[in-house]
Amino acid sequence: MTYTWREHTAEIELVIDATSEEAVFADAADAFARLVELDAGGAAVAHDVAVDAPDRAALLVAWLDELIYLADVEGFVADRVEGLRLRAGGLDATLVGRRTTIDPLVKAATYHRLVFGREEGRWHARVVLDV
């Protein structure tokens, strides 16, 4: 048997600059939806979600993984986030969006080069998505 390992760049990096921690998560949802949607139409749907993680950076990964799951399983994309509440160890929110045609190019959010923090009064995040 013959096989070969080849290097392949299969990642895309999302960088967010926001006014609040909550806005980081809302912006991530919007950015992800715009990345994967292939059609602007679709049946209206809402999802109540609760995501848990030990810190804000890991929470961003978990949040994106939930969005990836909903896109893959239901063809769901979020058009807005309502009632987003950050709590110790997690967040609760309602995703309002639609079922539509998506490009399932994102496999997972990763911890590679992950950043989440506040600098000079603004919140900054960076997360790499495996595509």
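The model shown is predicted, which means the values in this text are computed figures rather than measured ones.
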Is it the case that one hydrophobic cluster holds both [X] and [Y], taking links as side-chain heavy atoms less than 4.5 Å apart, direct or via other members?
| X | Y | value |
| --- | --- | --- |
| Val45 | Val73 | yes |
| Val36 | Val96 | no |
| Val15 | Ile12 | no |
| Val24 | Val115 | no |

So how far is it from [X] [atom1] to [Y] [atom2], rounded to the nearest 0.5 Å?
| X | Y | atom1 | atom2 | result |
| --- | --- | --- | --- | --- |
| Asp39 | Ile102 | CG | CD1 | 12.0 Å |
| Leu105 | Leu129 | CG | CG | 8.5 Å |
| Phe25 | Arg56 | CZ | CZ | 6.0 Å |
| Arg122 | Ile16 | CZ | CD1 | 12.0 Å |
| Leu95 | Leu70 | CG | CG | 6.5 Å |
| Leu64 | Leu59 | CG | CG | 10.0 Å |

Q: Please work out whether the ring planes of His47 and Phe76 are parallel, tilted or perpendicular, with thresholds of 30° and 60°.
A: perpendicular
Q: Write out all pairs satisfying side chain to side chain donor-acceptor pair (under 3.5 Å) with one or both partners inside residues 60-69, taking only residues at least two apart or from two chains.
A: none
(Q) Do Glu22 and Trp123 make a side-chain contact, defined as non-hydrogen atoms from C-beta onward lying under 4.5 Å apart? (A) no
Q: Please tell me if the side chains of Leu84 and Leu86 come closer than 4.5 Å, counting only heavy atoms from C-beta onward.
A: yes
Closest approach of [X] to [Y] (non-hydrogen atoms, all atoms of both residues):
| X | Y | answer |
| --- | --- | --- |
| Ala26 | Val81 | CA-CG2, 4.1 Å |
| Ala53 | Ala58 | CB-C, 3.6 Å |
| Ala62 | Val51 | CB-CG1, 3.2 Å |
| Val127 | Ala109 | CG2-CB, 4.3 Å |
| Thr100 | Gly41 | OG1-O, 2.9 Å |
| Arg113 | Val128 | CB-CG2, 4.2 Å |

**Q.** Residues Asp72, Lys107: salt bridge by 4.0 Å N-O rule
**A.** no
Q) Does Arg126 come within less than 4.0 Å of Asp17, counting only side-chain N to carboxylate O? A) no
Q. Knowing that exactly one of Val77, Leu14, Asp27, Leu67 qualifies, which makes a side-chain contact (heavy atoms from CB on, under 4.5 Å) with Phe32?
A. Leu67
**Q.** side-chain hydrogen bond (donor to acceptor under 3.5 Å, both in side chains) partners of His112, counting only residues at least two apart
**A.** none
Q. Where do Glu21 and Leu60 land on the side chain to side chain contact (heavy atoms under 4.5 Å, CB included) test, with the steps shown first?
A. CA-CA 10 Å; Glu21 284 182 290; Leu60 181 59; over 6 Å; no
Q. Who are the salt bridge (charged side-chain N to carboxylate O under 4.0 Å, His left out) partners of Arg118, not counting sequence neighbours?
A. none
